[in-house]
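Note that the structure is a prediction, hence the values are computed from the model and not measured. Naming convention: chains lettered A, B, ... in sequence-line order (proteins, then strands); numbering from 1 in each chain.
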Protein chains: 2
Amino acid sequence: MVSEALWDRSRCSVAGTLAVVGEKWSLLVLREAFLGVRRFADFQRVLGAPRAVLTDRLGTLVEQGILRRVPYQAQGERQRHEYRLTPKGIDLYPTLVALMQWGDRYLADGEDAPLELRHRDCGEPVHLALVCDAGHELSGAREVRPQARVRAD
Amino acid sequence: MVSEALWDRSRCSVAGTLAVVGEKWSLLVLREAFLGVRRFADFQRVLGAPRAVLTDRLGTLVEQGILRRVPYQAQGERQRHEYRLTPKGIDLYPTLVALMQWGDRYLADGEDAPLELRHRDCGEPVHLALVCDAGHELSGAREVRPQARVRAD
DNA sequence: CGAGTGAGTTCGTCAAGTGAACTCAGGCGG
DNA sequence: CCGCCTGAGTTCACTTGACGAACTCACTCG
């Protein structure tokens, strides 16, 4: 346990990340992006989000460097742009997997999880694990000691 | 890539989990819970969230079985209750770590991350990893193949 | 008995999300 | 060339949610 006064919440990375992707629909947009959705109309159709909100979320995700707009043209249509993940966006994958795993465990309601993740190379199921730099795999939060870092100023 | 029509978004675990902990402040409440905060007044003080919102979030987290109310009394005070993580709540730890790691990498702004996680046993830094059941550690989303599961009905 | 405190509720205000209708650019068929 | 279609986006009226200050309530202490 960390004494609550000893660290600076205003710089907390959890809060910071949520400020970027924590608005309604943002993470669901990214879920679809990871599944290959790229076009505005497809996001709109599969998510059912209001157009205005979707425009806004895609815009801020682009601003934040999580998605980038790429021009394309389908034949017989004018040029449009699609939304693709940047490396910064791809690094949000563990966040989505973490949310998914928790839901799979606690919300499945007796049914199987609707989506399975497998290693592309060997076909085995993939999951998130907490590991330390010495190679130990931890069983959960109890094995972790959070430590406030002293500010360098 | 999964063909977008081939899976049932309405049962998506990401959306389900976000429906439970995706409201404003919920994940920040849990962050503090993992750092040892337990009392209403302490949550209120460190988060700065409006009382009414905090009451609501704590209530739904208890309803959802993520926190539980435990009675206690400090000396010289009447009996109150504090909020503690249940196992279901503790399993949200990877989600918070995922958000934190992303923020540490992309929002640190040249400074060190304000909070470090270390293995209680060996003291080494802890991080999240994607691993498959064959023991391979994956480098990221590109090595994962999502696969829609056929419904059993 | 009166003041203090932790936890919570109420309330007016303001921001955000929602769904329907409207706009706009360009390609296409006639 | 004209009117229509389509994807992307904006506007608008409405509802929901967040905010901060003030109020309530139960209990303890002096």
Side-chain angles (χ1 to χ4, degrees), chain A residues 4-5 9-10 14-16 18-33 36-64 67-84, chain B residues 4-5 9-10 14-16 18-33 36-64 67-84:
Chain A
E4 356 158 332
R9 262 96 177 164
S10 72
V14 176
L18 287 174
V20 174
V21 296
E23 287 175 300
K24 213 171 182 182
W25 298 109
S26 294
L27 285 166
L28 297 177
V29 165
L30 291 173
R31 173 194 71 186
E32 298 301 330
V37 173
R38 291 179 177 175
R39 310 237 243 263
F40 186 94
D42 293 332
F43 283 112
Q44 217 268 308
R45 182 167 39 81
V46 300
L47 293 174
R51 272 198 197 14
V53 175
L54 194 51
T55 306
D56 180 83
R57 291 312 109 92
L58 288 168
T60 63
L61 289 172
V62 169
E63 262 176 42
Q64 296 291 332
L67 298 177
R68 71 201 147 99
R69 260 184 259 263
V70 180
Y72 76 100
Q73 73 230 44
Q75 81 287 27
E77 281 181 18
R78 74 176 151 153
Q79 171 170 312
R80 299 179 184 285
H81 45 260
E82 56 186 17
Y83 299 89
R84 298 212 205 173
Chain B
E4 359 158 330
R9 261 97 176 163
S10 71
V14 176
L18 287 173
V20 174
V21 296
E23 287 175 299
K24 212 171 182 183
W25 298 108
S26 295
L27 285 166
L28 297 177
V29 166
L30 292 173
R31 173 194 70 186
E32 297 301 330
V37 174
R38 291 178 178 177
R39 310 234 243 265
F40 187 93
D42 292 332
F43 283 113
Q44 217 268 307
R45 182 168 39 81
V46 299
L47 292 175
R51 271 194 190 30
V53 175
L54 193 52
T55 305
D56 181 82
R57 290 312 110 89
L58 287 168
T60 63
L61 290 172
V62 170
E63 262 176 42
Q64 297 291 332
L67 298 177
R68 73 200 146 99
R69 260 184 261 260
V70 180
Y72 77 98
Q73 75 227 47
Q75 82 288 28
E77 282 182 18
R78 73 175 150 153
Q79 172 170 310
R80 301 179 183 286
H81 44 260
E82 55 186 17
Y83 299 89
R84 297 211 206 174

Could you tell me whether B:Arg84 and B:Glu82 have a side-chain N and a carboxylate O separated by less than 4.0 Å? yes
B:Ala41 side-chain proximity, nearest of C:dG17, D:dG9, C:dA7: C:dA7
d(CG, A:Leu54; P, D:dA8) in whole Å: 10 Å
Report the nucleotide, chosen from D:dC19, D:dT6, D:dG9, that has the shortest atom-to-atom distance to any side-chain atom of B:Pro50. D:dC19
Would B:Glu32 and B:Leu47 count as a side chain to side chain contact (heavy atoms under 4.5 Å, CB included) if you check the C-alpha gap in whole Å, the side-chain angles of each, and the deciding distance to 0.1 Å? CA-CA 8 Å; B:Glu32 297 301 330; B:Leu47 292 175; 3.8 Å; yes
In terms of heavy-atom contacts, A:Ala49 and A:Gln44 come closest through O-NE2, 2.8 Å
Mind calculating the distance between CZ (A:Arg69) and C1' (D:dA8) to the nearest angstrom? 11 Å
Rounded off to whole Å, could you give me the CG-to-P distance for the A:Asp56 and D:dC12 pair? 17 Å
Does A:Trp25 have a side-chain nitrogen or oxygen under 4.0 Å from the phosphate oxygens OP1 or OP2 of C:dA16? no
Distance, rounded to the nearest Å, where B:Glu23 contributes CD and C:dA16 contributes C1': 13 Å
Touch class at under 4.0 angstrom, heavy-atom based, for A:Tyr83 against every strand present: sugar-phosphate
Whole-Å distance between C:dG8 P and B:Asp42 CG? 13 Å
Can you tell me how far C1' of D:dC5 sits from CZ of A:Arg80, to the nearest Å? 11 Å
Nucleotide nearest B:Val53 when distance is taken to its side chain, options D:dG9, C:dG6, D:dC19: D:dC19
Assess the side chains of A:Arg68 and A:Tyr83: does a donor N or O sit below 3.5 Å from an acceptor N or O? no
Any side-chain N or O of B:Lys24 under 4.0 Å from OP1/OP2 of D:dC19? yes
Interatomic distance where CG belongs to A:Leu58 and C1' belongs to D:dT10 [whole Å]: 15 Å
Relative to the 5' end of DNA chain D, which residue comes earlier, B:Arg57 or B:Arg51, by the nucleotide with the nearest heavy atom? B:Arg57
C:dA25, OP1 or OP2 - any side-chain N/O from A:His81 closer than 4.0 Å? no
May I ask you to decide whether B:Glu23 forms a salt bridge with A:Lys24, counting only side-chain N to carboxylate O separations under 4.0 Å? no
Here the distance between atom P of D:dA18 and atom CG of A:Leu18, to the nearest Å, is 14 Å
